Trainee: 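Below are the structure tokens for one structure; questions will follow.
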Amino acid sequence: MGYKKPSFIENIAEKLGIIPNLHKENYQDFQDDMRHFTDEEVAQMYENFPPPEKWDNWVEYNPKVWPKKDKKTYQIVPTTCFNCESACGLTAFIDKETQEVKKFEGNPHHPGSRGRNCAKGPATINQITDPDRILFPLKRKGKRGEGEWERISWDEVLDTFAARIRKAIKEDRHNEIAYHVGRPGHEKFMNWILQGWGIDGHNSHTNICSSGARFGYNLWYGYDRPSPDHANAKFILLVSAHLESGHYFNPHAQRIIEGKMKGAKLATMDPRLSNTASMSDYWLPSYPGTEAAVLLAMALIILEEGLYNRAYLENWTNWKEYLKARHTDKEVTFENYIAAMIEEYKDFTPEFAEKESGVKAGMIVDIARQIGEAGERFASHNWRAAGASNLGGWCVARALHFLTVLTGAVGAKGGTSPNSWNKFKPTQPNSPKPQKVWNELHFPKEYPLAFFEMSQLLPHFLKEGRGKMDVYFSRVFNPVWTYPDGFTWMETLADETKFGLHAALTPTWNETAFYADFVLPMGLASERHDLNSYATHGGTWIAFRQPVLREAARRNGNPVEYTYQANPGEVWEEDEFWIELSWRIDPDGSMGIRKHFESPYRPGEKITIDEYYQYIFERVEGLTEAAKADGFTGQFAELEYMKKYGAFAIEEGESYKVNENELSEEQIKGSKVDPETDVITKDGKPIGVMIKGKAMVGFPTPSRKNEFFSQTMVDWKWPEYATPTYIKSHIHSDVLDKSKGEYVLVPTFRLPTLIHTRSGNAKWLVEISNRNPIWMHPDDAVKWGFKTGDLVKMNTDIGYFIDKVWVTQSMKPGVVACSHHIGRWRRPQDKIGNRWATNTVNIEGDGKGGWKMNTISGIKPFDSHDSDSKRIFWKDGGVHQNITHAVHPDPISGMHCWHQRVRIEVPGKDEKYGDIYVDTNKSHEIYKEWLAMSRPAPGPNGERRPLWFNRAFTPDKSEGGCYYID
Ligand code: SF4
């Protein structure tokens, strides 16, 4: 952004005050280069955001009546965005007269987002004012799925669920209670609740999202997510579109651009010319599933050309273990390690990688050399994308981290750290002990290495009679729509013998809520409490999502007891709901549950929400001092500081190379060093490793180093993948029959303006993006005679969907793609909801597993309190593609492999846009085919899962306990 000379017309308009004068001297004085300014200076420049001392009484003109100068007085309350995991800072502008939230802007005091947001942040205002939102708790009338609802009280909800859960726990049916989460984001809160109940009841969406990448990273260094330090990098390699829509995308995007402004080169591997690829110096349009081959070819070049970081490899990889296990004939020397790796990857020539991927060999060589030259300042990221798409997708993150290891960029400034180094971990009051039960509906024996719960298989497990869900909470979670195989979800959710009592906790109507018994309205970004902390850069921060009207009421001297008393309707926030429910399950404390939810400050009494957060905040390093410096000195000083600013920087970029931290004398006391491996143990547990005579903390792996060689993979029956490798995927070109019109469909990419199903109630976002056509290269379109807008029939392994073609050179030839998020629906009998985004559809089952869906009508204008609802101009709500996908669980990581083999056809003359057909018998057969690829537990010593692997809501690990198979 820079100074632009005003045109003649602008000049006059500015002088007459018709438009604001943007050309005043020094108005925007930062046209040269923002990187010379500190974060605070940049924040100040951001249009002179109101200073915090004026947040309780901020006056500005009402833009809607400009040029009339109508003054409005606002109270500004910070919170965080709930629309993706980044949790960027928001500030709510509350009209002081009406106590209504009027708009959201960024929060310059938030260290991750620094005042900036993507389109989805400010669109929170659409979500809270959506005419179709759910405002009161509802209970179904009639049969499940029939669409009839009645309003009930929170008391009835709580008593119903408390009684049912109490009974299940007392009857030792702990595994029949589950909480299934889509959008997480309240750090450790649900561990506290569910482990307080003593159940293994957490289920998440992670195996349809990020498990593949997590598994690949974890095998290397015991951390499952990367934290790239883009702003200080020299070379950035992104697998997929992280600049526009990946995890932590707005905080990352601003730092990727900062890195570029300082001279970093950016490369993007993606079969689509995404917005990210178009901003890159290099676009590598790899054939889906071949990314690991390209990365291993780069590794070979770095090894052969001596571009690796010798000291790092020597100190921080388990090369001795590798040579001893795999090259018994060789002397254990570093030179032999390098020679063995070159031998191991000798087939991964640039030419081989080009043959597999289509990426030019010359470009692979060029990028490999630049990565080698960048050395420690090599930042990279893979999250969903390739890691979430292919059989063996986890190999992509593993191969990518290989480059990070070779260059010594692990945890370096400008490199890529483990995300835990940049993330805060809360200490909770009355923390429960790990549960003593293991739920095989979440972690079945067949998938002992699965990085998260096998949630995509839950309906198949229930169909097979492996168990039932007596009490099931779906929380901001919509598997009928978001997951593959949605008709199988519908069949099981409708069956009361499989799901006994189902509550959908959701801010908005969704396709899964239609099959619930209770629909419980939960708060949006400005209506709930959550603690956030994410690895957005080389630094650590916390943020406080808070119900802004409740906070405004407190500031104005009208405090409320429960958040729903301040929120619209009776929209509650979850923390209070779960505390209240826990209290009612065990009203007299006899079950040992209630004690976890007692106040740490008022023994025997129920904890309040303020007490819960104060307990955490008073343990945050530096926050007490910051609060004091700001004048807060009372019992809730730290909480008051967080309520005021919404965020706090715990540290601002000192957390590099944490593995080199030396153990303290206290830690070393009583420890032992293994002479063979140099691993330091204490009380039988590894705590560090000797490096060049120093006791360092290392990484949380068995060797305390990066594990090039994984004995874990050997022990758990996958010796062929003991070192970083490439697995030909389920959609490799060798397995597609082009003569039959088979293609690979990339169904995973996000649009920057939408977020799964949650943006369906945000009019601005849906106005921007409302269709999901099939991206097709012109060469492929010519073969089929397609032009943009023509209908295409996409046959999957279990059915088909009919979509429209978009002919574009942005797609790699031979590959087609369809965006996520779009194709939302409701049936005629359903409660109206998300009318900005939903088609009305008809669904018919034949009673034998065959299901048809067809569109009755598209999106239409409607009457409501929002006059924009009459101005809807878009009609086409897209097509629901995921429902036609079979489940494809990777046999190792457990990740659903999203890419589909599709057979393209020209539709018959009676087939229409939006038509869908699925056979759920076929989907169950395919589930079994993939299940047969698994290699079940137990592993060594009867373990269900490697003890050093993290697990969500880790159960008790005592020997002979639930972590072991009898
Ligand atoms: S990146 Fe956008 S959607 Fe995600 S938290 Fe930030 S503002 Fe919200």
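This structure is a prediction, so every number in the text was calculated from the model and none was measured. Residue numbers run from 1 in the order of the sequence given. Read the numbers this way: they start at 1 and go in the same order the structure lists the ligands and their atoms.
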Trainee: Starting from atom 4 (Fe) of ligand 1, which protein heavy atom do you reach first, and at what distance in Å?
Mentor: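 The closest one turns out to be Cys84 SG, 2.3 Å.
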Trainee: Starting from atom 6 (Fe) of ligand 1, what is the nearest protein heavy atom, named by residue and atom, and what distance separates them?
Mentor: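 Protein heavy atom with the smallest distance to atom 6 (Fe) of ligand 1: Cys88 SG, 2.3 Å.
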Trainee: Find out whether the Lys NZ or Arg CZ of Arg528 is both under 6.0 angstrom from the six-membered ring centre of Phe82 and within 45° of the ring's axis.
Mentor: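 Relative to the ring axis of Phe82, which defines the angle, Arg528 lies inside both limits.
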Trainee: If you count the atoms of ligand 1 from 1 in the order shown, which ones are under 4.0 Å from a heavy atom of Gly121?
Mentor: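 Atoms satisfying the 4.0 Å criterion: 7 (S).
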Trainee: Does atom NZ (Lys413) have a neighbourhood of more than 12 heavy atoms from anything else shown, all under 6.0 Å?
Mentor: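 No.
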Trainee: Which one holds for Ala87 and ligand 1: side chain close, backbone close, both close, or neither close, with close meaning a heavy atom under 4.0 Å?
Mentor: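 The answer is the backbone of Ala87.
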Trainee: Does Trp509 have Arg826 sitting over its ring (NZ/CZ under 6.0 Å from centre, angle to axis within 45°)?
Mentor: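 Output no; distance or angle outside limits.
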Trainee: Check each atom of ligand 1 against the heavy atoms of Asn83 and keep those under 4.0 Å away; list them by number with element.
Mentor: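 With Asn83 as reference, the close atoms of ligand 1 come out as 3 (S).
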Trainee: Return the closest protein heavy atom for atom 8 (Fe) of ligand 1 as residue, atom name and distance.
Mentor: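 Its nearest protein heavy-atom neighbour is Cys81 SG, 2.4 Å.
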Trainee: What protein heavy atom sits nearest atom 1 (S) of ligand 1, and how far away is it?
Mentor: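 Result: Asn250 CB, 3.4 Å.
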Trainee: Could you tell me the residue and atom name of the protein heavy atom closest to atom 2 (Fe) of ligand 1, and the distance to it rounded to 0.1 Å?
Mentor: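 That would be Cys118 SG, 2.3 Å.
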Trainee: Check whether any side-chain heavy atom of Asn126 sits under 4.5 Å from a side-chain heavy atom of Asp866, and report yes or no.
Mentor: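 No - every pair of side-chain heavy atoms lies 4.5 Å or more apart.
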Trainee: Is it true that Arg114 and Glu258 have a side-chain N and a carboxylate O under 4.0 angstrom from each other?
Mentor: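 Yes, this pair counts.
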Trainee: With a distance cut-off below 6.0 Å to the six-membered ring centre and an angular limit of 45° from the axis, does Lys102 pair with Phe93 as a cation-pi contact?
Mentor: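 No.
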Trainee: Can you report which non-hydrogen protein atom sits closest to atom 3 (S) of ligand 1, along with the distance?
Mentor: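 Atom 3 (S) of ligand 1 sits closest to the protein heavy atom Lys120 CE, 3.3 Å.
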Trainee: Is the NZ or CZ atom of Arg824 positioned over Trp481's six-membered ring, under 6.0 angstrom from the centre and within 45° of the axis?
Mentor: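 Cation-pi check for Arg824 and Trp481: passes.
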